[in-house]
**Student:** 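Questions regarding the structure given below will be posed in turn.
We're numbering straight along the sequence, starting at 1. None of the values given here were measured: they were computed from a predicted structure.
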Amino acid sequence: AIEDQEYTGEEIKPLVVVKDGETELSSETDYDVSYSNNTDVGTATVTITFKGNYSGTATKEFTIKTKDVSTIAIILHFSYVIIIKHISNP
């Protein structure tokens, strides 16, 4: 299973490990990986498309959860404009 991921605002691409029994397959020769719906909060999908000595596809879903805002710093900047008018007496 793919662990839940926290929203980052960018594409999230968890590391995928594919095994045939105890043998780890190679992403260079045995399969390709693609992702969909992997930027915003919700359910994202990883698709494995097999090649070489393997054929077919497999999909796995993972959840992108909302960002924990307790770690976000909020800084307020205030701007002041002071207008000074000089009134001269005739």
Side-chain angles (χ1 to χ4, degrees):
I2 301 173
E3 292 184 19
D4 289 354
Q5 306 290 309
E6 188 173 85
Y7 173 79
T8 63
E10 299 178 2
E11 282 190 306
I12 297 174
K13 296 182 175 183
L15 176 64
V16 175
V17 176
V18 180
K19 291 186 176 183
D20 178 2
E22 293 297 315
T23 304
E24 188 171 318
L25 302 184
S26 169
S27 62
E28 294 177 12
T29 58
D30 300 321
Y31 64 91
D32 292 316
V33 179
S34 62
Y35 299 85
S36 60
N37 301 321
N38 61 323
T39 302
D40 296 323
V41 171
T43 302
T45 304
V46 178
T47 301
I48 309 298
T49 304
F50 292 95
K51 60 185 181 181
N53 294 323
Y54 298 89
S55 64
T57 61
T59 59
K60 284 285 191 182
E61 292 182 338
F62 64 95
T63 300
I64 300 174
K65 61 184 183 174
T66 56
K67 180 140 183 89
D68 177 8
V69 295
S70 66
T71 60
I72 295 177
I74 299 173
I75 301 169
L76 302 175
H77 293 278
F78 295 97
S79 297
Y80 296 95
V81 176
I82 299 173
I83 300 172
I84 301 174
K85 292 186 176 182
H86 181 70
I87 302 174
S88 60
N89 293 329

**Student:** Is the shortest heavy-atom distance from the side chain of Y31 to the side chain of S26 under 4.5 Å?
**Tutor:** no
**Student:** Is there side-chain contact between V17 and E24, with heavy atoms separated by less than 4.5 Å?
**Tutor:** yes
**Student:** Just verifying a value: how many Å separate T63 OG1 and D4 CG, rounded to the nearest 0.5 Å?
**Tutor:** 4.5 Å
**Student:** Under a 4.0 Å N-O cut-off, is there an ion pair linking K51 with D30?
**Tutor:** no
**Student:** Which value, rounded to the nearest 0.5 Å, describes the distance between I64 atom CD1 and T8 atom OG1?
**Tutor:** 7.5 Å
**Student:** Could you grab the distance from atom OG1 of T66 to atom CG of D40, nearest 0.5 Å is fine?
**Tutor:** 12.5 Å
**Student:** Using 0.5 Å steps for rounding, measure from the OG1 atom of T29 to the OH atom of Y54.
**Tutor:**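 T29 OG1 to Y54 OH: 8.5 Å, rounded to 0.5 Å.
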**Student:** Okay, side chain of N38, backbone of I12: is any donor-acceptor separation there less than 3.5 Å?
**Tutor:** yes
**Student:** Between F62 and Q5, is any pair of side-chain heavy atoms under 4.5 Å apart?
**Tutor:**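 When only atoms from C-beta onward are counted, Q5 and F62 do touch, with a gap below 4.5 Å.
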**Student:** Do I48 and T59 come close enough that some side-chain heavy atom pair is under 4.5 Å?
**Tutor:**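 No, side chains not in contact.
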**Student:** Assess the residue pair T39 and E10 against the criterion (side chain to side chain contact (heavy atoms under 4.5 Å, CB included)); give the C-alpha distance rounded to whole Å, side-chain angles, the decisive distance to 0.1 Å, and a yes or no.
**Tutor:** CA-CA 5 Å; T39 302; E10 299 178 2; 5.9 Å; no
**Student:** Is there a side-chain contact between V16 and V18 (heavy atoms, below 4.5 Å)?
**Tutor:** yes
**Student:** Can you give me the closest heavy-atom contact between F50 and L25, atom names plus distance?
**Tutor:** CE2-CD1, 4.1 Å
**Student:** Return the OG1 to CD distance between T43 and E61, rounded to the nearest 0.5 Å.
**Tutor:** 5.5 Å
